[in-house]
Amino acid sequence: MSDHKAFLSALPEETRRALTERSDGHGLARLALHLGLIAAIGVWIAAEGPFWAALLPLQGVLIVFLFTLQHECTHKTPFRSEWVNEAVGRLSGLMILQPFEWFRYYHLAHHRHTGDPGRDPELAGGPRRGWAAFWIGLSGWGYWRHNIGVLIANAAGRPGPHAPARAAGRIAWEARLMLALYLLAALSFVWTDALLWAWLAPMAIGMPALRLYLLAEHGRCPMVADMFANTRTTFTNAVVRFVAWNMPYHTEHHVFPAVPFHRLPDLARLMSGKRENEAQGFRRFAARYVAGIGREREGER
């Protein structure tokens, strides 16, 4: 029995029930603040209020980190009501160009095979090494290319290897609806560029922050089955935890995916001393990661 499974089996049933209790109240309050900020800043940018351009990075971070909310909705944990999880997951996916119906199966494969280079879809193609791979990854180029390709393939009825055949029809219609809505959004550019500056440009600016965050989740962790080893928790400030829906507690999430975002800090306290990979902030993680790129280059000589 691996270490994370031993930890889970030792948790008292009362503790497990308390940790996995979902709440519409916690989820809707967080959602209202997150989407409210996006809407308010978006209106300010579209109206070209004072210093509107300075708000583009903040707007971008708020939008791209809807990824973490959509991710949680695949687990049906942010909200007690299942229909709210479904609706919010789809809305988040629409805003970040990532189809929800498809992503739930892609992400399930990641959880089932975390750290397995042959089966974990997040490790497809093997580890990315060197400065070029680092900067291209940070730019978000791979994200845009991959997700646009997925949308087109899904719409054509080719959802890829992770989706079961029974879901192919739902995935295809979701992709077709998303593409139709994007076409309508593109038509709006004829009379206004509001969506460009309030949505698309901020996303492009904010994407490196999301890519760095995602790199910290598993980057340079051992490719083993134990979740205490193959995943990293990053201790960070309350603002980042808010924007990322507490997902910097990522070891905790992988060990016990049924725990909703608002109970992950409680689970983190129970796991103290058990995690093999931790980072004290994303700046320190980035510094260590960049130093590792330098060592890789030395090793190539």
Side-chain angles (χ1 to χ4, degrees), residues 18-46 55-104 106-108 111 143 147 174 177-178 181-182 185 194-195 198-200 202-203 205-207 209-211 213-214 217 234 236-250 252-254 256-268 282:
L19 286 171
T20 55
E21 184 175 1
R22 296 174 297 165
S23 165
D24 280 343
H26 281 94
L28 290 172
R30 178 72 65 93
L31 178 68
L33 185 52
H34 196 148
L35 291 186
L37 285 169
I38 290 173
I41 296 171
V43 168
W44 190 265
I45 291 171
L55 293 176
L56 293 176
L58 174 58
Q59 178 77 332
V61 167
L62 287 168
I63 293 173
V64 298
F65 271 88
L66 288 173
F67 175 94
T68 55
L69 172 57
Q70 188 200 44
H71 152 266
E72 279 304 276
C73 288
T74 67
H75 294 283
K76 303 181 180 182
T77 53
F79 311 98
R80 186 179 184 87
S81 302
E82 185 165 336
W83 74 268
V84 180
N85 285 304
E86 291 289 306
V88 171
R90 294 179 195 283
L91 174 63
S92 299
L94 182 66
M95 292 184 69
I96 62 173
L97 279 71
Q98 182 161 265
F100 178 68
E101 194 71 36
W102 167 85
F103 181 67
R104 77 165 87 235
Y106 178 91
H107 188 64
L108 178 60
H111 269 269
Y143 177 90
N147 281 15
E174 177 190 47
L177 177 59
M178 290 177 70
L181 291 172
Y182 293 145
L195 288 180
W199 173 38
L200 296 177
M203 276 185 68
I205 294 169
M207 187 57 70
L210 177 64
R211 303 317 300 172
Y213 158 79
L214 292 173
E217 289 183 344
T234 302
T236 184
N237 60 63
V239 173
V240 176
R241 291 197 303 272
F242 162 76
V243 171
W245 287 72
N246 273 347
M247 281 300 104
Y249 292 115
H250 209 63
E252 291 75 8
H253 168 69
H254 266 264
F256 204 169
V259 176
F261 72 95
H262 65 277
R263 297 307 305 267
L264 286 175
D266 300 322
L267 181 58
F282 288 95

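Basis for what follows: all heavy atoms, side chains included, without hydrogens, waters or symmetry-related copies.
- Put simply, the side chain of Phe100 does not reach to within 4.5 Å of the side chain of Leu94, judged on heavy atoms.
- Remark: the backbone N or O of Ala18 is paired with a side-chain donor or acceptor of Arg263 at under 3.5 angstrom.
- Judged as a salt bridge (charged side-chain N to carboxylate O under 4.0 Å, His left out), the pairs with a partner in residues 59-80 (not counting sequence neighbours) are, in order, Lys76-Glu82.
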When you look at Val64 and Tyr143, which way does the side chain to side chain contact (heavy atoms under 4.5 Å, CB included) test go after all the steps?
CA-CA 11 Å; Val64 298; Tyr143 177 90; over 6 Å; no
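- Checked by atom type and distance alone, the side chain of Ser81 never pairs as donor or acceptor with a backbone atom of Val84 at under 3.5 Å.
- Listed by chain and number, the residues in a salt bridge (Lys or Arg N to Asp or Glu O under 4.0 Å) with Glu217 amount to none (sequence neighbours excluded).
- The backbone N or O of Leu97 sits less than 3.5 Å from a side-chain atom of Asn147, completing a donor-acceptor pair.
- Atom-to-atom distance recorded for Thr77:OG1 and His26:NE2 is 13.5 Å, nearest 0.5 angstrom.
- Under the rule for a side-chain contact (heavy atoms from CB on, under 4.5 Å), the partners of Ser92 that lie at least two apart in sequence or sit in another chain are Leu66, Leu69, Gln70, Val88.
- At least one donor-acceptor pair under 3.5 Å links the side chain of Gln59 to the backbone N or O of Ile38.
- Taking CE of Met207 as the start and CD1 of Ile63 as the end, the distance is 10.0 Å to the nearest 0.5 Å.
- Panel note: side chain His107, backbone His71; no donor-acceptor pair is recorded below 3.5 Å.
- Residues Met247 and Tyr213 form a side-chain contact, since some pair of their non-hydrogen atoms from C-beta on lies under 4.5 Å apart.
- Looking at residues two or more places apart in sequence or on another chain, you find no salt bridge (Lys or Arg N to Asp or Glu O under 4.0 Å) involving Asp24.
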As a quick check of understanding, evaluate side chain to side chain contact (heavy atoms under 4.5 Å, CB included) for Phe256 and Leu264, giving each step before the final call.
CA-CA 9 Å; Phe256 204 169; Leu264 286 175; over 6 Å; no
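- Summarising the geometry of Ala198 relative to Gly42, their closest heavy-atom pair is CB-O, 3.7 Å, with the distance given to 0.1 Å.
- The shortest distance between side-chain heavy atoms of Pro260 and Pro78 does not fall below 4.5 Å.
- Qualifying side-chain contact (heavy atoms from CB on, under 4.5 Å) partners for Leu195, counting only residues two or more places apart in sequence or in other chains: Ala185, Ser188, Phe189, Trp199.
- Within the 4.5 Å cutoff, the side chain of Phe242 has heavy atoms near those of the Leu37 side chain.
- Here Asn85 contributes atom CG and Trp83 contributes atom CH2; the two are 10.5 Å apart, rounded to the nearest 0.5 Å.
- Listed by chain and residue number, Glu86, Glu101, Glu174 satisfy the salt bridge (Lys or Arg N to Asp or Glu O under 4.0 Å) test with Arg90 (two or more places apart in sequence, or in another chain).
- Residues His253 and Val259 are not in side-chain contact: their nearest non-hydrogen atoms beyond the backbone lie 4.5 Å or more apart.
- Taking the side chain as every heavy atom from C-beta outward, Thr234 and Tyr249 never approach each other to under 4.5 Å.
- Of all non-hydrogen atoms in Trp245 and Leu31, the two that sit nearest each other are CH2-N, 3.6 Å.
- Inter-residue side-chain proximity for Glu21 and His262 is flagged as unmet; no heavy-atom pair is nearer than 4.5 Å.
- Aromatic rings from Phe67 and Phe103 are positioned such that their centres are separated by under 6.0 Å.
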Just do the side chain to side chain contact (heavy atoms under 4.5 Å, CB included) check on Ser23 and Phe79 with the steps written out, would you?
CA-CA 5 Å; Ser23 165; Phe79 311 98; over 6 Å; no
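- Note that CG of Leu28 is 10.5 Å distant from CG of Leu35, once rounded to the nearest 0.5 Å.
- Between Leu56 and Pro202 the shortest heavy-atom distance is O-CB, 3.5 Å.
- Note: Leu210 CG to Phe65 CZ = 5.0 Å, rounded to the nearest 0.5 Å.
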